[in-house]
Amino acid sequence: MKTRIMAGGVAGAFILAALAVPMSASAATNAQLSVLHGIPGVTVDVWVNGKLTIDDFKTGTLAGPLSLAPATYSVAITASDATSATDKVVIGPVDLPLADGGNYTAVAHLTTDNKPTATLFTNDISKTAAGEGRLTVRHVAAAPAVDVLAGSTPVIEGLTNPKEQILNLAPATISASVVAAGTTTPALIGPADVPVVEGQNTIVYAYGSLEGENLAVAVQTITGLHTPPTGIPAGQTGEAARAESTQQTQSAVGIGALGLLLAAAAAAVVVVARRNAGSRA
Amino acid sequence: MTGRARLGATLAVCLALPVLAGCTAVTGTGVAGTAAPRSTASATPPPAASVPRIPTADASLTANAAAVVVAPVRIQLDRLGIDMKVTSEGLDADGAMALPPNAADAGWYRYSPGVNSRAGATVIAAHIDSRDDGIGPFSRLRNATAGDRLTLTGADGSTVAYTVTELRQVGKIDAPMAEVFDTAGAPRLSLVTCGGSYNSKTGHYVDNVIVTATPVAAAASGN
């Protein structure tokens, strides 16, 4: 029954698609949208296309991902006691163009000079190489250019708000610090343990305000980007194959000998039967 | 097969929805009700895409620490006389899974789930034979049958019992590596070695022998 309804749905979709929309539209994949709140000290509401979508959204929290048909969405961020998308507006409304199958994070954050803004980032969801993970670092803080250190080695240099840098790395937990560009101390953020996991994009956001002394880190993870090894070559000499074929030959010989015995026995039976028959005649 | 059919059906509903709703954006998460298409005929086209509310989560580093992975260190399958040390292995120079040089030892793909994982395939493989020590215990994997019990011991001393569910011998060209190394789905174990004939020119076996096993506890709770 279910199958029939679904089949009807498919046929209906195709017919209507043919009538109403270009064929390409029927192949559309939803976009994934996450929203990060990176403005310290303020709880907000998020309105998408005029509708309240995230209520009482707190600093340092991540919402989503929301699965949305590809389109341009209007997003407004207001005070948490606002009564509509146009009441007590903190940011926006801004237009977020979401493409077919895209993966995005919209971040509410501060500009370099401490003003609330929103930035739409496109997340890298391409497959990671076998045995690798991905680290994305985004500067969304009211702070000048920074370097990111792994231990004491700079791995990202001169990153500015609102830019990102992407590294593909062997999986490990990295002791990461954020410092002013061109320096190694003092750490503005960290050191903090950042996990780089195989097949995962770990997205790290530096947010808050240097002047406000509330710089912090937020993390988003996107899993399922894994690539398997190319194979498992698990034999070197062929010894096991040779041992197996020897064994089979031996069994074949064994079966042959048994067969001869059975044939001989059968012949004997026939002979006996004939003798019996002969004696009866 | 049924899973795939269901997925197809879900896609079909997804396809139908935007069309019926006048080509405005409709979310995939709103698919649940098959009633959705019915409500659309008389509806005036909505002015904009509809958006369901979304859950939020703490984005702090502490709340997003990587899960602790417990490496398996020993595998035992008594019926086949298998009792092997398990070492942690990555990739070789060709991008294939690396293995311990001795056929007497097994390797765990260190980027696969560990002991007690909640999802995906824990991968353990060993040479069927090696230059170092001849024929290894995994040569007997091809005699595994559904129902065979085996045990993995983790680096923390924990043990997990598994039941063999499937034995396959597949040509290496067709070997389903994405499936063997699947990081999603129910927790399970992929045991792999070589099999079939040996090509002395390439120095490789033609096939992979793949045994799948599922945790005993999970199988019991499934009933």
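Lettering follows sequence order; numbering is per chain, from 1.
Your options are Thr61(A), Val194(A), Val219(A), and the one with the most heavy-atom pairs under 4.5 Å with chain B is Val219(A). With chain B as the partner, the residue from Pro195(A), Ala218(A), Ala63(A), Gly235(A) showing the most heavy-atom pairs under 4.5 Å is Gly235(A). Chosen from Arg242(A), Glu198(A), Glu239(A), the residue pairing most often with chain B at heavy-atom distances under 4.5 Å is Glu239(A). Put simply, of Asp182(B), Val192(B), Leu61(B), the one with the most heavy-atom pairs under 4.5 Å next to chain A is Leu61(B). Contacts with chain A were tallied for Val123(B), Val69(B), Thr183(B); Thr183(B) has the most, counting heavy-atom pairs under 4.5 Å. Taking Ala66(B), Gly203(B), Ala67(B), Gly195(B) one by one and counting their heavy-atom pairs under 4.5 Å with chain A, the maximum is reached by Ala66(B). If you tally non-hydrogen atom pairs under 4.5 Å between each of Ala31(A), Gly224(A), Ala240(A) and chain B, the highest count goes to Ala240(A). Among the candidates Ser34(A), Gly50(A), Gly64(A), the residue making the largest number of heavy-atom pairs closer than 4.5 Å to chain B is Gly64(A).
Contact annotation for Ser200(B): neither backbone nor side-chain heavy atoms come within less than 4.5 Å of a heavy atom of chain A. Only the side chain of Ala125(B) has a heavy atom closer than 4.5 Å to any heavy atom of chain A. Both the backbone and the side chain of Val217(A) come within contact range of chain B, with heavy atoms under 4.5 Å apart. Using a 4.5 Å cut-off between heavy atoms, Phe57(A) contacts chain B through its side chain alone, with no backbone atom that close. Of the two parts of Asn199(B), neither the backbone nor the side chain holds a non-hydrogen atom closer than 4.5 Å to a non-hydrogen atom of chain A.
Considering every non-hydrogen atom in both Pro229(A) and Met97(B), the closest pair reads CB-N, 3.6 Å. The minimum heavy-atom distance between Leu36(A) and Ala59(B), with the atom names listed, is CD1-CB, 4.0 Å. Smallest separation of non-hydrogen atoms from Tyr205(B) and Ala241(A): OH-N, 3.1 Å. Between Ala243(A) and Ile135(B) the shortest heavy-atom distance is CB-CD1, 3.8 Å. Across every non-hydrogen atom of Cys194(B) and Ile232(A), the tightest pair is SG-O, 4.1 Å. Pairing each heavy atom of Pro233(A) with each of Asp92(B), the nearest pair is CG-OD2, 4.3 Å.
Put simply, the side chain of Tyr109(B) never gets that close to the backbone of Pro228(A): no donor and acceptor are under 3.5 Å apart. Here the side chain of Thr230(A) pairs a donor or acceptor atom with the backbone of Gly95(B) at under 3.5 angstrom. Judged by distance alone, with hydrogens and angles left aside, the side-chain atoms of Tyr198(B) form a donor-acceptor pair with the main-chain N or O of Gln236(A) at under 3.5 Å. Without hydrogens or angle criteria, His226(A) side chain to Phe181(B) main chain gives a donor-acceptor distance under 3.5 Å.
Counted within 6.0 Å of CZ on Arg131(B), heavy atoms from surrounding residues, nucleotides or ligands total 12 or fewer; the atom is thus considered open.
Note that CD of Gln220(A) and CG of Asn64(B) are 9.5 Å apart. Values are rounded to the nearest 0.5 Å. Between the OG1 atom in Thr62(B) and the CG atom in Asp193(A) there is a gap of 11.0 Å [rounded to 0.5 Å].
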